[in-house]
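Just so you know, ligand 1 is whichever comes first in the structure, and atom 1 is the first atom listed for that ligand.
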Amino acid sequence: MQESSRLKILIIGKGGREHALALKAKQSPLVKKVFIAPGNIGMKDVGELVDIDETDIKALSVFAKKEKIDLTIVGPESSLSLGVVDEFEQNNLSIFGPSRQAAQIETSKDFAKKLMKKYNIPTASYKSVESLNDGLDFLKTQKIPIVIKEDGLKAGKGVSVCFSFDEAKKALENAFNIEQNKVLIEEYLEGIEFSIIALVHEDKVMSLEIAQDYKRAYDGHKGENTGGMGAYSRVDIISEDIINEAKKKILEPLALGMNEDKIPFSGFLYAGVMATKEGVKTIEFNARFGDPEAQILLPRLKSDLIYSILELKKGNVTELDWDKDYVLGVVMASKNYPKTPEINKEIIFSKSEKSSKSKQSIKSQIYYMGVGQKDNKLISKGGRILTLVAKASSIEKARDIVYEDLKNITCEGSFYRKDIGF
Ligand code: AMP
Ligand code: GLY
């Protein structure tokens, strides 16, 4: 391809997912240059960092116009919920992500549940309540365990899975301490959870391979729900039949239904799915790629993501080619994540005995999440600091590489789960 016709890509966001998307974009033969807004210092070698916050959607579209960006890919839900896609499209800029209205599939659990009901998509039964009293009355009629979900954007953190009545009561009280909060009380689903993400454009759905994400903060699925503490793919315990069921009963009906209802979805559509005894059930939808799912799925994608997105936007479904190897990632998080993460701690790569150069001794790919720079030192800047990712011919081998490498990275007070992939 001629240099002049190669593309400029803008990635919006600043976490590990955006690091992975930017790296994938950079690897595309169609791409001349990658920009990341705002990105983080850990990804400065992957693309040019643009000092515009992911929530400043006006400034982002002005930048894209000025730089003649050919395609923008949106990472986080915060930009989507502010209408970054609407803003870009009004300015005739090409962008991959859902409109503000379609992004409600993630930003409002109530909206998502209503669509699931309408399109007959299997999910947990639920009731939406608007006051503590209504909530408590309904709770008394329900079986335990039960799930309490706050409406609105909580990045996976507004969900309490409650194993006693008192716990559920407390979760309701906490939820209604927040003004104007709406709350869903939901049936508890038992089974094996997995994440399935598709590239969607209107009525076209291209499912990616599936991943397993670890949501709880601590080993043995203890502690609070987080954005995700580690993940892996391939997921051998989930059969092809179950995956196909998730595509046919969850992803496709949602995309087709939204398209028919004139709220067409375009972008990464993420379904959190529970494989239960009665079949697949939807736990949640997200209107974006998962994080850390992006960090472990994109290294397995051998074909060109940018090509597939561009074709999909024209209505063409392309073949995705996947590496058969296993990829596993572990997230290193700041002390007290997710509640009150302690940040601004130096990230230190210690020298291994075999190598004199610190970072070179690390075999895993590092995807930077919440990091910054101070006095020329790399420091933690967010709840999740980085994801270490390795690829190997088995989960065990990938896991060994990551956990060995984690011994060589320290950040005061930080922690990571020791049971990813076990
Ligand atoms: P969400 O933000 O809705 O994905 O919820 C976060 C996590 O809570 C999920 O990944 C599940 O592990 C758990 N969870 C949510 N809803 C349910 C449910 N109805 N039954 C069991 N676990 C759930
Ligand atoms: N890892 C789950 C999410 O991105 O929501």
Side-chain angles (χ1 to χ4, degrees), residues 13 15-18 20-21 74-78 80 103 105-113 116 122-127 142-163 167-168 171 175 183-197 208 210-218 220-233 250 267-278 280-298 329-331 333 337-338 367 369 383-384 387 417 420:
R17 164 186 50 213
E18 289 75 19
L21 284 167
V74 191
E77 63 276 24
S78 53
L80 296 169
I105 196 69
E106 166 164 11
T107 58
S108 165
K109 293 197 188 286
D110 200 33
F111 175 88
K113 282 291 195 190
M116 283 190 260
T123 185
S125 63
Y126 75 103
K127 187 174 166 77
Q142 296 301 296
K143 278 194 296 203
I144 302 290
I146 191 133
V147 182
I148 309 291
K149 294 189 175 181
E150 294 173 40
D151 205 24
L153 264 187
K154 300 278 158 34
K157 294 170 214 150
V159 175
S160 308
V161 181
C162 306
F163 291 91
E167 215 183 314
V183 176
L184 297 189
I185 302 179
E186 191 175 281
E187 169 199 7
Y188 173 74
L189 300 174
E190 206 172 334
I192 303 171
E193 194 174 338
F194 63 95
S195 312
I196 184 164
I197 294 146
L208 309 184
I210 66 162
Q212 191 117 58
D213 181 26
Y214 288 66
K215 307 259 181 187
R216 299 295 191 113
Y218 309 126
H221 306 294
K222 301 233 164 60
E224 281 189 80
N225 271 312
T226 70
M229 294 297 293
Y232 66 84
S233 173
I250 298 176
F268 297 102
L269 177 61
Y270 170 131
V273 179
M274 192 74 88
T276 75
K277 275 190 208 128
E278 298 103 56
V280 293
K281 295 205 178 171
T282 314
I283 297 170
E284 63 161 350
F285 284 111
N286 291 322
R288 52 173 175 81
F289 216 133
D291 186 340
E293 284 91 338
Q295 294 93 302
I296 58 112
L297 281 169
L298 292 175
V330 177
V331 171
Y337 173 73
Y367 292 98
M369 307 175 92
R384 294 188 293 174
T387 319
R417 279 182 65 158
I420 308 300

Asks: Show the nearest heavy-atom pair for residues Asp213 and Pro292, with the distance to one decimal.
Replies: OD1-CD, 3.7 Å
Asks: For Lys109 and ligand 1, answer yes if some heavy atom of the residue is under 4.0 Å from a ligand atom, otherwise no.
Replies: yes
Asks: Counting from 1, what ligand 1 atoms have a heavy atom of Lys149 closer than 4.0 Å?
Replies: 3 (O), 15 (C), 16 (N)
Asks: For the 3.5 Å polar cut-off, considering only N or O atoms, please tell me whether Lys215 and ligand 2 meet it.
Replies: no
Asks: Could you name the option among Leu184, Val161, Thr226, Thr276 that has the heavy atom nearest to atom 22 (N) of ligand 1?
Replies: Val161
Asks: Using non-hydrogen atoms of the residue, decide whether Ser195 is closer than 4.0 angstrom to ligand 2.
Replies: no
Asks: Could you list the residues that satisfy ring-ring contact (aromatic ring centres under 6.0 Å, His included) with Phe285, not counting sequence neighbours?
Replies: none
Asks: Does ligand 2 come near enough to Asp291 that some N or O of the ligand is less than 3.5 Å from an N or O of the residue?
Replies: yes
Asks: Does any N or O of ligand 2 fall below 3.5 Å from an N or O anywhere on Gly290, backbone included?
Replies: no
Asks: Looking at Arg288, which atoms of ligand 2 are within less than 4.0 Å of one of its heavy atoms?
Replies: 3 (C), 4 (O), 5 (O)
Asks: Which heavy atom of Val330 sits nearest to which heavy atom of Arg417, and what is that distance?
Replies: CG1-O, 3.8 Å
Asks: What is the ring orientation for Tyr188 with Phe163, classed by angle as parallel under 30°, tilted 30 to 60°, or perpendicular over 60°?
Replies: perpendicular
Asks: Any non-hydrogen atom of Arg17 lying under 4.0 Å from ligand 2?
Replies: no
Asks: Considering non-hydrogen atoms only, spot the tightest contact between Ile283 and Lys149 and give its length.
Replies: O-NZ, 3.1 Å
Asks: Under the side-chain contact (heavy atoms from CB on, under 4.5 Å) rule, collect the residues that match up with Ala124, sequence neighbours excluded.
Replies: Lys113, Glu186, Glu187, Leu189
Asks: Decide whether an N or O pair under 3.5 Å exists between Tyr188 and ligand 1.
Replies: no
Asks: Using a strict 4.0 Å cut-off to heavy atoms of Lys215, name the atoms of ligand 1 that fall inside it.
Replies: 10 (O)
Asks: Between Glu18 (side chain) and Gly15 (backbone), is there a donor-acceptor pair under 3.5 Å?
Replies: yes
